[in-house]
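Below, read A as the first sequence line, B as the second, and so on, with proteins coming before strands; counting in each chain starts at 1. All heavy atoms count here, side chains included; hydrogens, waters and symmetry mates do not.
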2 protein chains.
Amino acid sequence: MTTIKDIAKAAGVSITTVSRALNGYPDVNEKTRQKIIDIAKQLNYSPNTLARGLVMNKSKTIGLLVSGLTRESAKDNFTFEVLAGVNQYVSEVDYDMVLFSTTSTKQREKTYTQLCRERRVDGAILQGIRSDDPYLQEVVESDIPCVLIDIPIESETVGYVTTDNVLGAKKAVEHLISLGHKNIAMINGYKYAFVSEQRLKGYKEALSEAGLPIHEEWIADGAFREDAAEAEALRLLTEYPCISAFFCASDLMALGVMKAVKRVGKQIPDDVAVIGYDDIILASYATPALSTVAQNIFAMGYEAAKLLIHMLEGKAESHVKILETELKIRESTVKNRN
Amino acid sequence: MTTIKDIAKAAGVSITTVSRALNGYPDVNEKTRQKIIDIAKQLNYSPNTLARGLVMNKSKTIGLLVSGLTRESAKDNFTFEVLAGVNQYVSEVDYDMVLFSTTSTKQREKTYTQLCRERRVDGAILQGIRSDDPYLQEVVESDIPCVLIDIPIESETVGYVTTDNVLGAKKAVEHLISLGHKNIAMINGYKYAFVSEQRLKGYKEALSEAGLPIHEEWIADGAFREDAAEAEALRLLTEYPCISAFFCASDLMALGVMKAVKRVGKQIPDDVAVIGYDDIILASYATPALSTVAQNIFAMGYEAAKLLIHMLEGKAESHVKILETELKIRESTVKNRN
DNA sequence: TTGAAAGCGCTAACAG
DNA sequence: CTGTTAGCGCTTTCAA
């Protein structure tokens, strides 16, 4: 493997000059520089980023910490889209990304912070971490710059990107209300997610503003899981047959709800309307196609990476980025017959 | 950031001893070791993997080179599942994974080899690289150990994992034949994929062995894209109305074919049966649910990582791993009425 | 059982 | 414009 030493020898200059020439410093004779560049190319030189990182004390690498990167989680390709977005920005600015997942067997043997420090990542993006994860605090309190996805914590070294979940939920519920629905249940995600709180708030606000009563017993916890949501919806549909619409805090749960509705022999959207949240791929392929509040998840990853790297380079004006959501009306919501 | 030097000072020993103690070398007094370990913990020490990598000349990091990690590719979560599998194994054995994608804007500015060498990855896994990619050769010919997914190249430093695509395709087509279908078309992927060749071979073998003629004009190239497959199927259905079944080299293409069938006003599976390949999430959610040849993609990633790391550690018996496929019969294939 | 010293490949003062 | 020197944090001979 060629090093700058080899180049220096071949060019008859010192390694310092080689370093300077290759890194584009101005204080080097253009002829010398050209010669060095030629030789470097000829020798097929690649800089050793480990050595560089060691002396510069930064690695041009960011860590993406996710939880739940399992075989099952592929259904909900949220994580994947975030990752694709992060990767996109990162490669645009010549950084690298290393992935840390905590669902592995050796989970929790090392904390996130340890992982980050050992690998000398310059910063980290956290996604899918529950708000009650003990290590969340740890990372946030450490001096590692980080950007959280969907967790609103802000500090000198911490920023976040999210969408306006209150508004998103509100739009969904208002849509149902505009269709004539009055008995609207909600299947929420578990409470250890900030977005659950927010979407619940939006749901309640929409109802209140329309002068509709809030039935606490119509709000169930589907834990962001398809099966749990199906079970809860089944229970709700049985106990409260008057329910004519469901607002779900995720598409995956909405899919479960749709199964439940079918199981009790009701029609979607005629008897019961269903609207989800996220706009995962499956939403548009479901039958009937699922109406939903679309989040641009790829953009969330992209913006998270952008924010983090701006923070690292000291040029972030704000540590917060709020993205827009978009109501997508498909086949699963329609005017209430009643 | 604590270094072994700090620990050495605090413990009143040399850095050599600290290094040895922390790395579990036997030639250290147990009392000294314990003292050092305690101090390290107390000082919240994390080893600097850059420094270690520099001196040891290995990074305990592998690169995952993928192409097509775009916003659109999320539909086909093949890449994601491979990634999840790789990540799983890698974290089990305390390696890290860095992701290199070549769809980025700065695509091709650096070759894969350069990427790998700069980052000093110990080895690489290549996925989704077309067989005509000029850089494929480059990586394979370099001295970087690598494992290819679905590209059968083998050498001292190169291995691969794949499934038996001939057999898989054969099972699918035989299934259609057993249902009474005689006029079976095929929508294949582009030819720059090894699997396309193999699946075509399986298709032809199945037909031949059943004494059925092979109509070359019934074989179309859907380029692994949903829209292209839809267009080709539309053309085929119009030109050859006798076609009663489609074998598709991917589920995504099968989804496109299903759209085409519906567009010409025919019923699935009654008029036309459709079977795909891969078993992506969408397959089971489509209406009607898509029959397919399931590949365990997560396992492919897992096995690729396992193979690579075994190769790196000199304990790989073989450089090849062939996984099984499984025929999944759902609603899109049924007995031919004719 | 321990320590001194060299060196991995690179950057960054500081001199010239 | 160029070279000398020191040192990033770690592992590893070689001696003691």
Side-chain angles (χ1 to χ4, degrees), chain A residues 1-40 43-61 94 96 114-122 313, chain B residues 1-37 39-40 43-61 94 96 114-122:
Chain A
M1 197 73 77
T2 317
T3 70
I4 53 171
K5 205 188 223 167
D6 302 322
I7 299 177
K9 199 173 299 171
V13 297
S14 74
I15 58 165
T16 314
T17 304
V18 175
S19 174
R20 279 195 286 242
L22 260 24
N23 288 307
Y25 281 64
D27 55 349
V28 70
N29 186 301
E30 264 317 313
K31 270 168 82 174
T32 318
R33 183 197 305 279
Q34 203 49 57
K35 186 174 170 194
I36 289 173
I37 290 179
D38 287 348
I39 294 178
L43 261 39
N44 201 9
Y45 170 74
S46 294
N48 184 330
T49 53
L50 296 185
R52 181 180 285 163
L54 182 58
V55 51
M56 309 249 286
N57 205 29
K58 56 199 205 63
S59 58
K60 274 206 151 198
T61 302
D94 205 29
D96 281 330
Q114 276 175 301
L115 247 22
C116 290
R117 303 208 316 184
E118 285 188 15
R119 278 293 162 178
R120 286 305 189 270
V121 299
D122 296 336
E313 299 180 343
Chain B
M1 200 71 77
T2 316
T3 70
I4 51 171
K5 206 190 224 164
D6 302 321
I7 299 176
K9 200 173 298 171
V13 296
S14 73
I15 57 166
T16 315
T17 304
V18 174
S19 174
R20 281 195 285 242
L22 260 23
N23 288 308
Y25 282 62
D27 56 349
V28 165
N29 184 302
E30 265 316 315
K31 270 167 82 173
T32 318
R33 183 197 306 279
Q34 203 48 58
K35 186 173 170 194
I36 289 174
I37 290 179
I39 294 178
L43 260 39
N44 201 9
Y45 170 75
S46 294
N48 184 331
T49 52
L50 297 185
R52 180 178 287 163
L54 182 59
V55 51
M56 308 250 284
N57 206 29
K58 56 199 207 63
S59 59
K60 275 205 149 197
T61 302
D94 204 30
D96 281 330
Q114 276 175 301
L115 247 21
C116 291
R117 303 206 318 182
E118 286 188 14
R119 278 295 162 176
R120 287 302 189 271
V121 300
D122 297 337

**Student:** With distance as the sole criterion, is a donor-acceptor pair present between the side chains of A/T16 and A/S19 under 3.5 Å?
**Tutor:** no
**Student:** At under 4.0 Å between heavy atoms, what does A/T16 touch on the DNA or RNA strands: base, sugar-phosphate, or nothing?
**Tutor:** base
**Student:** Given atom CE of B/M56 and atom C1' of D/dT12, what is their separation to the nearest angstrom?
**Tutor:** 11 Å
**Student:** Scan A/N23 against the nucleic acid and name what it touches under 4.0 Å (heavy atoms): base, sugar-phosphate only, or nothing.
**Tutor:** sugar-phosphate
**Student:** Go through the side-chain N and O atoms of A/R119 and B/T61 and say whether any donor and acceptor fall under 3.5 Å apart.
**Tutor:** yes
**Student:** Which nucleotide in the list D/dG9, C/dT11, C/dT1 gets nearest to the side chain of A/I4?
**Tutor:** C/dT11
**Student:** More 5' along DNA chain C: B/N29 or B/L54, using each one's nearest nucleotide?
**Tutor:** B/N29
**Student:** Between B/R20 and B/R52, name the one whose nearest nucleotide on DNA chain D is closer to the 5' end.
**Tutor:** B/R52
**Student:** Just to be sure I understand the rule, does B/D27 reach a base, reach only the sugar-phosphate, or reach nothing, if contact means heavy atoms closer than 4.0 Å?
**Tutor:** base
**Student:** Between A/Y45 and A/I39, is there a side-chain heavy-atom distance shorter than 4.5 Å?
**Tutor:** no
**Student:** Between C1' on D/dT11 and CG on A/L50, what's the gap in Å once rounded to a whole number?
**Tutor:** 14 Å
**Student:** Could you work out which one of D/dT12, D/dC10, C/dA12 sits closest to the side chain of B/Y25?
**Tutor:** D/dT12
**Student:** Send over the distance from A/I36 CD1 to D/dC1 P, rounded to a whole Å.
**Tutor:** 13 Å
**Student:** Does the A/N23 side chain pair with the main chain of A/Y25, one donor and one acceptor, at a distance under 3.5 Å?
**Tutor:** no
**Student:** Roughly how many Å is it from NZ in B/K5 to C1' in D/dC8, rounded to a whole number?
**Tutor:** 9 Å
**Student:** Does A/I15 reach a base, just sugar-phosphate, or nothing at all? Heavy atoms under 4.0 Å.
**Tutor:** base
**Student:** Just how far, in rounded Å, is C1' of D/dG9 from CZ of A/R119?
**Tutor:** 15 Å
**Student:** According to a strict under-4.0 Å criterion, is A/Y45 in side-chain N/O contact with OP1 or OP2 of C/dC10?
**Tutor:** yes
**Student:** Return the value, rounded to whole Å, for the distance between atom CZ of B/R33 and atom C1' of C/dT2.
**Tutor:** 13 Å
**Student:** Any side-chain N or O of A/S19 less than 4.0 Å from the OP1 or OP2 oxygen of C/dA12?
**Tutor:** no
**Student:** Return the value, rounded to whole Å, for the distance between atom CG of B/N57 and atom P of C/dG9.
**Tutor:** 7 Å
**Student:** Find the distance between CE (A/M1) and CG (A/D6) and round it off to the nearest 0.5 Å.
**Tutor:** 11.5 Å
**Student:** Taking OP1 and OP2 of C/dG3, is either one under 4.0 Å from a side-chain nitrogen or oxygen of B/S14?
**Tutor:** yes
**Student:** May I have the distance from A/K60 (atom NZ) to C/dT11 (atom C1'), rounded to whole angstrom?
**Tutor:** 15 Å
